[in-house]
Amino acid sequence: MASKYQAPRGTFDVLPESSRARARVEAAASGIFARAGYGRIATPAFEDTELFERGVGRSTDIVRKEMFTFEDKGGRSITLRPEGTAPICRAYLEHGMQKLAQPVRFAYSGPFFRHERPQAGRYRQFHQIGAEAIGSDSPLADAESIGLLAELLTELGVPGVELRLGSLGSLEARRAYLDELKAYLHASEGELSEDVRERIDVNPLRAFDSDHEGTRGVMEGAPTIVERLEGDDAEHFAEVRALLEAAGVEYSIDPTLVRGLDYYTRTIFSFVCDRLGAQSEIGGGGRYDGLIEQLGGPPTPAVGWAAGIERLLLALGEEGETPAAPAVFISHDASSPEAGRTALALAGELRRAGLAAEVDLAGRSAKGQFKHANRIGADLVVVLGDDGGLQLRDMESGEQEPVEGGDLVAEIERRRS
Ligand code: AMP
């Protein structure tokens, strides 16, 4: 019978059969982060709403429409974190980390929340892994950061991946460019979608992201910031590109690339995968040299990215993997409490020796236990005799023999080697 309760719209349960693929993604990321000196950070799942309003930007879709915001019992406005960068910058400042050797490198993984319209690859609670390097304006930091995500995708074997690269220039250059873009958009206002028209003055860059036909037509002739880069910005971007080329990381320049968060400056990037549908981005990020200052700290350049774990799994086609089969199933006489105790103790002993072992907990008959061992794919079944003796059955050959000398672990290891 279907349960009366269901997971809330846009959320899902991570069931045991898909958690192995998740663990593989997390383990690959952990290894890459640790080897590159990115230390783990975990911030709360919720923060003061203002952190995101100031950090992510009041004109963004995230802040305007997608935050899970509520008042707590103390009357504070609280928001379930929609992204990880602003909280990490908050923590960086709160713990005085500007006094440490710079940059400070962080890695994270956890759930994030956005009230979006759910579809394949887009959820209201999703999981991201990410990396931030705070306190360096060097193009080396950009290349290092992009390289980490490229390495993760390669190590996991994600197929059909493409890296798109762009630059938004420094905050001042961006401002000048935005004035030019606004003027351009105002000149063709009539052809733009209502949403884009309403936001010309608050967030004109989003026009590049629109799928409205009229808007797309206008944007084909729009000035792009990549063409306008000059001085230090142009040099910075050229150096990031040269470093990626030297490292053998393939990319294409996308002059229309924009991101849904306001804080980006200079380098931005996006890894897309042709195996995903409309939500084709696996991960992306960029430089955010003005964010820490925006949050009340000293000017502090920084760069980072986040990748969606669900998108990675979709791209890998690994959502429904089965759990690892236990190597050993321990059958016992369900009517005997003593046999149950021995079976549990044996399972403990095998697990401590690094073997996967499972005990019947369903009171099955001897025959039922063998059937179950077969169903779950056990290689070996331990049979507890009434006299306390142990037998071992090889499920493939069907042969069953007593365990000589009673050393079960040694006997199993001998057979499995
Ligand atoms: P963002 O924080 O918007 O830059 O997104 C970074 C990555 O998080 C994206 O490339 C996606 O892989 C993932 N992501 C963002 N929003 C969602 C969502 N609603 N559902 C699933 N994954 C998401």
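Ligands are counted one by one from 1 in listed order, and the atoms in each one are counted from 1 as well.
Around the CD atom of E180, the shell of radius 6.0 Å holds more than 12 heavy atoms that belong to other residues, nucleotides or ligands.
A salt bridge links E411 with R414: at least one charged nitrogen is closer than 4.0 Å to a carboxylate oxygen. Between R287 and D142, at least one side-chain N (NZ, or NE/NH1/NH2) sits under 4.0 Å from a carboxylate O, which counts as a salt bridge.
For ligand 1, the protein residues within 4.0 angstrom (heavy atoms only) are R114, E116, G121, R122, Y123, F126, Q128, R259, L261, E281, I282, G283, A306, G308, R311.
Evaluation of the salt bridge (Lys or Arg N to Asp or Glu O under 4.0 Å) rule for K65 yields D61 as partners, not counting sequence neighbours.
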Identify each donor-acceptor pair in which a side-chain atom of residues 85-95 lies under 3.5 Å from a protein atom, sequence neighbours left out, and give them as a table.
{"unit_1": "T85", "atom_1": "OG1", "unit_2": "E132", "atom_2": "OE2", "d": "2.8"}
{"unit_1": "T85", "atom_1": "OG1", "unit_2": "Y263", "atom_2": "OH", "d": "3.3"}
{"unit_1": "R90", "atom_1": "NE", "unit_2": "E47", "atom_2": "OE1", "d": "3.0"}
{"unit_1": "R90", "atom_1": "NH1", "unit_2": "E94", "atom_2": "OE1", "d": "2.9"}
{"unit_1": "R90", "atom_1": "NH2", "unit_2": "E47", "atom_2": "OE1", "d": "3.4"}
{"unit_1": "R90", "atom_1": "NH2", "unit_2": "E47", "atom_2": "OE2", "d": "2.7"}
{"unit_1": "Y92", "atom_1": "OH", "unit_2": "Q102", "atom_2": "OE1", "d": "2.6"}

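Here ring pair (Phe, Tyr, Trp, His ring centres under 6.0 Å) pairs that include residues 34-81, with residues two or more places apart or in two chains, are F68-H115.
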